[in-house]
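Only one structure is covered here, and it is reproduced in the block below.
For the numbers below, each heavy atom of this structure counts, side chains included, while hydrogens, waters and symmetry mates do not.
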Amino acid sequence: MKIKVKVAMMSGCEELLPVKSHADDAAFDLRSRSDILVPVNKSTLVPTGVFIELPVNYEAQVRPRSGLALKHNITLTNSPGTIDAGYRGEVGVIMFNHGPEEFAVKRGDRIAQMVIAELPAVELETVAVLSNSDRGEGGFGSTGRK
C-alpha cells in the first residue's frame with residue numbers, strides 16, 4: 001500500500017522536486033535551491049524549495065549523502081534531521097563542512113536524502129525498576145570493539 005505525501009514546491013523550483021534516482025532507492029534526493037558556500041568547520045542552512053505534508057504517524061528523516069561525506073567531508077549537523085507531520089515550512093538541510101576548504105553548493109546539487117518513515121504507536125510506561133540485560137548500564141563504547 002502506497003502512502004501519499006503531499007509536496008508543494010516554491011515558485012520557480014519545480015525542477016527540484018524530490019525524486020528517487022532508482023526504483024529501489026530508500027530515499028528521495030533533496031536538492032539545493034540556491035548557490036551557497038559552506039565554510040570550513042561551520043554549519044550552513046541550505047534551502048530546498050520543498051514543502052511537505054506528512055500523514056499523522058509519519059516522519060521524514062533528512063540524512064547525509066555518502067558521496068559528499070567521502071569525497072568532500074560534508075555531513076549534516078543534525079543527522080538524521082526529523083521533520084514532523086505538523087511542520088509545513090520549507091525543508092532545509094543543515095550542512096557541515098569538515099573539509100580543508102569551503103564547499104560550494106550549486107542550485108540543483110543533490111545535498112541530502114529524505115526517508116519517509118512510519119512511526120509506531122508508543123506509550124511510555126513509568127516503572128520503578130527496569131529489567132536486567134547483558135549490557136546493563138554500560139555506556140558509550142562499553143561493548144568493546146569487534
Side-chain angles (χ1 to χ4, degrees), residues 1-131 133 135 137-143:
M1 170 173 139
K2 284 193 178 180
I3 302 301
K4 294 211 182 224
V5 173
K6 295 177 182 175
V7 179
M9 299 302 297
M10 180 175 283
S11 179
C13 293
E14 293 75 14
E15 80 282 6
L16 304 175
L17 180 73
V19 296
K20 291 184 177 184
S21 295
H22 304 96
D24 59 351
D25 283 353
F28 294 87
D29 290 326
L30 290 173
R31 298 177 181 272
S32 174
R33 74 168 166 87
S34 302
D35 293 342
I36 293 180
L37 292 176
V38 183
V40 175
N41 292 322
K42 299 284 184 187
S43 291
T44 301
L45 181 63
V46 181
T48 64
V50 176
F51 300 79
I52 59 175
E53 182 178 333
L54 296 162
V56 173
N57 295 324
Y58 281 81
E59 68 163 329
Q61 300 172 4
V62 179
R63 301 177 180 181
R65 294 183 51 80
S66 57
L68 289 178
L70 178 64
K71 296 174 185 172
H72 304 285
N73 292 306
I74 299 294
T75 190
L76 305 187
T77 303
N78 65 327
S79 178
T82 296
I83 301 171
D84 296 311
Y87 179 69
R88 296 295 184 271
E90 181 178 12
V91 173
V93 176
I94 305 171
M95 300 182 80
F96 188 89
N97 182 358
H98 291 280
E101 54 194 39
E102 66 184 11
F103 180 75
V105 176
K106 301 293 184 201
R107 179 184 170 93
D109 283 354
R110 292 180 296 163
I111 56 170
Q113 303 176 81
M114 181 175 67
V115 172
I116 308 297
E118 185 174 10
L119 300 170
V122 175
E123 179 181 338
L124 297 180
E125 177 184 358
T126 303
V127 297
V129 179
L130 301 175
S131 64
S133 71
R135 182 175 179 186
E137 295 181 19
F140 299 100
S142 65
T143 57

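The side chain to side chain contact (heavy atoms under 4.5 Å, CB included) with Ile52 is formed by just one residue from the set Met114, Arg88, Glu90; it is Met114. Screening Gln113, Glu59, Arg63 against Pro80 for a side chain to side chain contact (heavy atoms under 4.5 Å, CB included) leaves a single residue, Arg63.
No side-chain heavy atom of Pro55 sits under 4.5 Å from any side-chain heavy atom of Lys4. Using a 4.5 Å cut-off on side-chain heavy atoms (C-beta onward), Pro47 and Met10 make no contact. Contact check for Leu68 versus Met95: side-chain heavy atoms found under the 4.5 Å cut-off. Side chains of Leu76 and Ile94 form no contact here, defined as non-hydrogen atoms less than 4.5 Å apart. Contact annotation: the side chain of Ile116 approaches that of Phe28 to within less than 4.5 Å [non-hydrogen atoms, C-beta and beyond]. Put simply, the side chain of Met9 reaches to within 4.5 Å of the side chain of Pro18, judged on heavy atoms. Two residues are said to be in side-chain contact when any heavy atoms from C-beta on lie closer than 4.5 Å; Pro64 and Ile74 fail this criterion. Between Thr48 and Arg33, every side-chain heavy-atom pair lies at or beyond the 4.5 Å cut-off.
Of all heavy-atom pairs spanning Ala112 and Val62, the tightest one is CB-CG1, 3.9 Å. Considering every non-hydrogen atom in both Val115 and Ala27, the closest pair reads CG2-CB, 3.7 Å. The minimum heavy-atom distance between Ser32 and Ser34, with the atom names listed, is OG-O, 2.6 Å. Residues Pro39 and Thr44 approach most closely at CD-OG1, 3.4 Å, considering heavy atoms. The two atoms that bring Val105 and Val46 nearest to each other are CG1-CG1, 4.3 Å, heavy atoms only.
The CZ atom of Phe96 lies 14.0 Å from the CZ atom of Phe103; values are rounded to the nearest 0.5 Å. Here CD1 of Ile111 is found 7.5 Å from CD1 of Ile36. Values are rounded to the nearest 0.5 Å. Note that CD of Glu101 is 11.5 Å distant from CG of Leu37, once rounded to the nearest 0.5 Å. In this structure, CZ in Arg31 is found 16.0 Å from NZ in Lys106, a value given to the nearest 0.5 Å. The CG atom of Asp29 sits 11.5 Å away from the CG atom of Leu16 when rounded to the nearest 0.5 Å.
The 12-atom threshold is exceeded at NZ of Lys20, counting heavy atoms of other residues, nucleotides or ligands nearer than 6.0 Å. A 6.0 Å sphere centred on CD1 of Ile3 holds more than 12 heavy atoms belonging to other residues, nucleotides or ligands.
For Asp25 (side chain) and Ser21 (main-chain N/O), a donor-acceptor pair under 3.5 Å exists by modelled atom type. Listed for the Asp35 side chain is a donor-acceptor partner under 3.5 Å among the backbone atoms of Arg107.
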